[in-house]
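Right, one structure below, let's go through it.
For the numbers below, each heavy atom of this structure counts, side chains included, while hydrogens, waters and symmetry mates do not. Note that this is a predicted model, so its numbers are computed, not measured.
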Amino acid sequence: MKMYKYLRNQFHDIIKSLYTGLTEFEVQFDRAPGNFEGDIATPLAFDLAQKLKRNPREIALEIVESLQLDDNKISRTEVAGGGFINLTINPDWLRSSLKAINQDVKEFRRISIGENKKIQVEFVSANPTGPLTIGHGRQAVIGDIISRLYEACGYNVSREYYFNNTGRQMRILADSVRLRCKELLGEKTEFPDNYYQGEYIIELATEFIEKYGKDLPEDEPDTFMTFAANKIIEGIKITLNTLGVDFDNFFNENSLIDDGEVLDVLELLQDNDLTYKEDGALWLKTSELGAKQDRVLIKSTGEMTYRLLDIAYHRNKLNRDFDMLIDIFGADHIGTYKDVLAGLKALGYDIDKIQVIIHQFVTLTENGEKIKMSTRKANFVTLDELIEEVGVDVTRFFFIMRSANSHLNFDLALAKSESDENPVFYVQYGCARISSILRFAKNQGLEYSEDIVMDENLLAKLDSNEELELMKKLFEYPRMVEKAAINIQPHIIPAYLIELAKVFHPFYHEYRVVSDNKELSLARIILVRAVREVIRDGLGLLGISAPDQM
RNA sequence: GCCCUCGUAGCUCAAAUGGAUAGAGCAUCGGACUUCUAAUCCGGAGGUUACAGGUUCGAUUCCUGUCGAGGGUACCA
């Protein structure tokens, strides 16, 4: 029985029976502060006090009096301060969780909120105009871990990458390659500033000549475009694979055009009187949909804008029968996604299904100097280069340990030279250390087994403060996974794992696991093995390795 | 100009929906390896949560204004 589920049910029942008029209330739980007796606290009496117009302390006392919590689970209940209710967990209940964790940690942390629900996460979706940058890396990791968290909560998750493989930037890409080809063949050219300057364009040009020969198909820009896009997409997929990010579907923008879906949307928008013509362009009446100004759908050149294509794309996604869609965008999309949602809403689609996560940019610094990243200019550091320098584990951990809407400061020099400062090693070290202990124990003839974990008398040996603290921390794990998923805040997981390691390492220094006392040794083996199970599982959710030795 | 995100210890960041005395890491100072991994641990110091108001039992969190950083912005994506 999950701790918080049990408590929530108990409190709900008692409040309903005590205050029959109340229908809407929430029971929230926090960890009790260290200076008060108790492990879990709830301020719900304050909430009720407001609704009932009564003294919070009186209400808290009333609730505590009527509450009939199982002594085997909660050993003490008290009212503290102006009306907080503090609960102390019975150590036996804590110890019982060690069985569950050791037997099957995935079952222990299993949350069934997503049973039979389908969800799609769209992320990265970088244009195929160059290698992935560090900014894309952050998004790749955030999206992947959000997907893993939802899977952990029982959802059926589909990861999708949307390739903007049409439009102006693709034509510039094609022409950049064409010009570099001519240079390679000895011709003098003017290479415009707004073309893609990166070294990789020259490599593409070299490969292009190898394939198509020196007689360039200059009147076939599509040949250059298709060649370059395919090569770049291939590279992007390799990079993502290296980072441990796998997609279920790659969706190409041009398919929306080829299948006529964009025209369908356009027709729908026009039929609903949501558009008008002006200055040779077709405008969407976004100002009537709550936005500041109207936006162009089709430019006077006849070219479709991103907004139109993105409305069509999201319509396509909504028609695919998902219960929820999560979009992960960089801060540069903050101004546009609202127009897209407004357009969809005007067409009658349920946009509440769409959750948009905006993440702030990564600031890359080296030796105190900011490095400005831009694909078009040549001075970016690629994701490949970063992974090469610091490794997959550090890259992933670094990108996920900050909340998405906080600017991420990535100090390259620090990541490269002093990677031991990175907390990922702190967590991994806990895992390696426990494996080492278990190896040592095995040599002494002491080993974990299904039989000993069922022995209540053995587990009862675990009664020191440090051991109980460790168990309390383990007990919180399922709630952390749920919290991270529901709030779409994946950084909660690394923060939790650091906390767990932070409780484990002092325990290790204070007590020997393997000692002359055989029973106590076995009990502690059960405990540290449970810690390792949770760390391993948590690192697994982050896609980070859990080494048995370091 | 307008819109969005943000401003917390010297630095990088936590603190779910408003909860009790705002927490970590790094850096700094002082300690701990003949015993299961010192990539570790123990202790000290470090704060008017940018600033000024407001809302209430209670504000880092919500509202208003000022200052500062990043992003978007009127036919790029």
Query raised in the report: Does atom NZ of A:K51 have more than 12 heavy-atom neighbours, drawn from other residues, nucleotides or ligands, at distances under 6.0 Å?
Result: yes
Query - Length of the CG-P vector between A:N194 and B:A77, whole Å - result: 14 Å
Query - Touch class at under 4.0 angstrom, heavy-atom based, for A:M480 against every strand present - result: nothing
Report summary line: Taken to the nearest whole Å, CZ/A:F425 to C1'/B:A38 is 16 Å
Report task. May I ask you to say what A:S406 touches in the nucleic acid, namely base, sugar-phosphate or nothing, with a heavy-atom cut-off under 4.0 Å? Result -> sugar-phosphate
Report task. Would you mind telling me which of B:C41, B:A39, B:A77 lies closest to the side-chain atoms of A:Y429? Result -> B:A39
Report task. Please determine if a side-chain N or O atom of A:Y426 lies less than 4.0 Å away from the OP1 or OP2 oxygen of B:C41. Result -> yes
Report task. Could you check A:Q28 against A:R439 and say which one's nearest nucleotide on RNA chain B is further toward the 5' end? Result -> A:Q28
Query raised in the report: Given B:C36, is OP1 or OP2 found less than 4.0 Å from the side-chain N or O atoms of A:K442?
Result: no
Query - Check: A:S300 side chain, B:C75 base, donor-acceptor under 3.5 Å - result: yes
**Report entry** Distance test, side-chain N/O of A:Y306 to OP1/OP2 of B:A77, below 4.0 Å
**Finding:** no
**Report entry** Side chain A:N86 and base B:A20 donor-acceptor under 3.5 Å
**Finding:** yes
Query raised in the report: Of all the nucleotides listed (B:A74, B:A77, B:C42), which has the minimum atom distance to the side chain of A:H333?
Result: B:A77
Query raised in the report: For A:T42 and B:G19, is the shortest distance between a side-chain N/O and OP1 or OP2 below 4.0 Å?
Result: no
Requested in this report: Report yes if some heavy atom in the side chain of A:L44 is under 4.5 Å from a heavy atom in the side chain of A:F29; otherwise report no.
Outcome: no
Report task. Tell me whether the guanidinium CZ or amine NZ of A:R109 lies under 6.0 angstrom from the six-membered ring centre of A:Y477 and within 45° of its axis. Result -> no
Requested in this report: From the options B:A16, B:C36, B:A38, select the nucleotide whose nearest atom is closest to the side chain of A:F440.
Outcome: B:C36
Query raised in the report: Quick one: is B:C75 close enough that its OP1 or OP2 comes under 4.0 Å of any side-chain N or O from A:R307?
Result: no
Report summary line: Winner on side-chain proximity to A:H491, out of B:A14, B:C75, B:G19, is B:A14
**Report entry** Nucleotide B:U61, atom P - distance to CG of A:D30 in whole Å
**Finding:** 17 Å
Report task. State the pairing partner of B:G23; accept Watson-Crick or G-U wobble contacts with both distances under 3.5 Å, and report none otherwise. Result -> B:C13
Query raised in the report: Mind checking whether A:L446 and A:K518 have side chains closer than 4.5 Å, heavy atoms only?
Result: yes
Query - Stacking check A:F84 vs B:A20 (5.5 Å / 30 deg) - result: yes
Query - A:R479 to A:Y4, cation-pi by 6.0 Å centre distance and 45° axis angle - result: yes
Report task. Would you kindly compare A:N164 and A:F46 by the position of their nearest RNA chain B nucleotide and give the one closer to the 5′ end? Result -> A:F46
Query raised in the report: Can you find a side chain N or O atom of A:Y511 that sits less than 4.0 Å from OP1 or OP2 on B:C36?
Result: no
Query raised in the report: Would A:Y313 and A:Y162 count as a close aromatic pair, with their ring centres under 6.0 Å?
Result: yes
**Report entry** Strand partner of B:G68, provided both Watson-Crick or wobble distances fall under 3.5 Å
**Finding:** B:C6
Report task. For A:T336, answer base if it contacts any base atom (sugar-phosphate contacts may also be present), sugar-phosphate if it contacts only those atoms, and nothing otherwise; contact means non-hydrogen atoms under 4.0 Å. Result -> base
Query - Watson-Crick or G-U wobble mate for B:G18, both contacts under 3.5 Å - result: none
Query raised in the report: Just how far, in rounded Å, is C1' of B:G25 from NZ of A:K502?
Result: 8 Å
